[in-house]
Amino acid sequence: MNLCASIPSYWLPALSEVCHSRDVLKLAEFLQQELSAEKLIYPAQHDWFRALDYVAPEQVKVVILGQDPYHGAGEAHGLSFSVPFGVKIPPSLRNIWQELARDLGINPPQHGNLTGWAEQGVLLLNTSLTVEADKAGSHAKKGWEALTDAIILYLAQSQSHVVFMLWGAHAQKKAHLIGDKHCVLSSVHPSPLSAYRGFIGCGHFSTANTYLQQNGKKEIDWGNV
C-alpha cells in the first residue's frame, strides 16, 4: 500500500520526507494487514486524508486537533469532531455547539457536519486518521502520529499567525511542536466527562477571530457549517 498516494499534491512538499520514513512504511503495512483481514476500519479509505483535501497549508487559519476518528458506524468521515449529514450529533460536538452559542450567540445547527469550517481554512485534524470499528484508540501509536506531527510542525514552521485549538490532554501534548509564532488555545476536552471543567466558557471561537483579525486575516464564520 502506498499510503501517501492519496495525499493532495499541495501537501506533498510538507510530507514527502515523512512519507518515506520507517514509521509511515510500517503504518502502511499495518493498515494493509487490517484490510486484508477484513477488519472494519473507519473512516472509509477514500476519506483518510479528507481533512487535507479542503485546505492547502498556506490557507490554514485554524487547526482543531482531535485524537482519533469516531468509531461508530457511519460517524467518521475524515474531519475531526465532524459527522456526515443525517448522523446523530455526538456528545462532544453537542458541547462544542453549546460553547459556540454561549461565546458568539450562534444558534447551533441541527446537524454535525463541519465541512463549512474546513472550506474556510479550518484544518480538522485527528492525530490518528483511522480506527477499528468500536475500538477507540485502536490505531494509536501505529505510525499515524509521525505523519500528523509532521503536518503540525510544517504549519508551525512555514506559516504565521495560525490558531491552534488544543482540546484535552492528548492534543495539548502537541504544543511543543508549535512554538511562539502562533496562537495556542488550550482547554479540557469537550467530551461530557470534562466539558464542564473549563471547555464551556473557554471562549476559543471569539478569541480565534480576534487574533485572526488583528493579524490581517479574515475571520471564520463559525455559524457557516
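Model, not experiment: these values are computed from the prediction.
Judged by distance alone, with hydrogens and angles left aside, the side-chain atoms of Asn209 form no donor-acceptor pair with the main-chain N or O of Glu219 at under 3.5 Å. A donor-acceptor distance shorter than 3.5 angstrom exists from the side chain of Glu99 to the backbone of Gly203, with no hydrogens or angles considered. Side-chain atoms of Tyr42 do not come within 3.5 Å of backbone N or O of Thr130 as any donor-acceptor pair. No donor-acceptor pair under 3.5 Å is formed between the side chain of Ser187 and the backbone N or O of Trp167. Between the side chain of Ser128 and the backbone N or O of Trp144, no donor-acceptor pair lies under 3.5 Å. In this structure, Asn215 contributes its side chain and Lys217 its backbone to no donor-acceptor pair below 3.5 Å. Judged by distance alone, with hydrogens and angles left aside, the side-chain atoms of Gln32 form no donor-acceptor pair with the main-chain N or O of Ala28 at under 3.5 Å. Side-chain N or O atoms of Ser82 include none that pairs as donor or acceptor with a backbone N or O of Leu79 at under 3.5 Å. In this structure, Lys174 contributes its side chain and Leu166 its backbone to no donor-acceptor pair below 3.5 Å. The closest donor-acceptor contact from the side chain of Trp117 to the backbone of Val225 lies at 3.5 Å or more, if one exists at all.
Taking each heavy atom of Ala195 and Pro190 in turn, the nearest pair found is CB-O, 3.5 Å. Among all heavy-atom pairs drawn from Asn126 and Gln67, the shortest one is OD1-N, 3.4 Å. Of all heavy-atom pairs spanning Leu15 and Ala150, the tightest one is CD2-CB, 3.9 Å. The two atoms that bring Leu123 and Ala51 nearest to each other are CD1-O, 3.3 Å, heavy atoms only. Contact record, Trp97 with Pro109: CZ2-CG, 3.3 Å, taken as the closest heavy-atom pair. Shown here for Ile152 and Leu177, the closest heavy-atom pair between the two residues is CG2-CB, 4.0 Å.
A continuous path of hydrophobic side-chain contacts links Val163 to Phe199 [ILVMFWY only; heavy atoms under 4.5 Å]. The hydrophobic cluster containing Ile220 also contains Met165, counting ILVMFWY residues as joined when their side-chain heavy atoms lie under 4.5 angstrom apart, directly or transitively. No path of Ile, Leu, Val, Met, Phe, Trp and Tyr side chains, each step under 4.5 Å between heavy atoms, connects Val62 with Tyr154, placing them in separate hydrophobic clusters. Under the 4.5 Å side-chain heavy-atom criterion for grouping Ile, Leu, Val, Met, Phe, Trp and Tyr, Leu129 is connected to Leu155 within one hydrophobic cluster. By the rule that hydrophobic residues join a cluster once side-chain heavy atoms approach within less than 4.5 Å of another member, Leu100 and Val83 end up as members of one cluster.
The environment of Lys181 atom NZ is dense: over 12 non-hydrogen atoms of other residues, nucleotides or ligands sit within 6.0 angstrom. Around the CD atom of Glu17, the shell of radius 6.0 Å holds no more than 12 heavy atoms that belong to other residues, nucleotides or ligands.
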Please report the C-alpha distance between Leu31 and His139 in whole Å, then the side-chain angles of each, then the deciding distance to 0.1 Å, and finally whether the side-chain contact (heavy atoms from CB on, under 4.5 Å) criterion is met.
-> CA-CA 9 Å; Leu31 291 169; His139 290 185; 4.0 Å; yes
ring-ring contact (aromatic ring centres under 6.0 Å, His included) evaluation trace for Phe81 with His189 = CA-CA 11 Å; Phe81 296 102; His189 196 275; 5.7 Å; yes
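Applying the side chain to side chain contact (heavy atoms under 4.5 Å, CB included) test between Val60 and each of Leu125, Val122, Val55 identifies Val55 as the sole match.
Between Tyr196 and Asn95, the closest side-chain pair of non-hydrogen atoms falls below 4.5 Å.
One finds the CD1 atom of Ile64 at 6.5 Å from the CD1 atom of Ile96 (value rounded to the nearest 0.5 Å). Expressed to the nearest 0.5 Å, how far CH2 of Trp222 lies from CD1 of Ile106 amounts to 9.0 Å. With rounding to the nearest 0.5 angstrom, the NE2 atom of His77 is 4.5 Å from the CG atom of Asn113.
If you check the side chains of Asp23 and Ser21, you find no donor sitting under 3.5 Å from an acceptor.
Checked against ring pair (Phe, Tyr, Trp, His ring centres under 6.0 Å), His71 has no partners two or more places apart in sequence or in another chain.
Not less than 6.0 angstrom separates the ring centroid of Trp11 from the ring centroid of Phe49.
Under 4.0 Å is where a charged nitrogen must lie from a carboxylate oxygen, and between Lys26 and Glu29 no such pair does.
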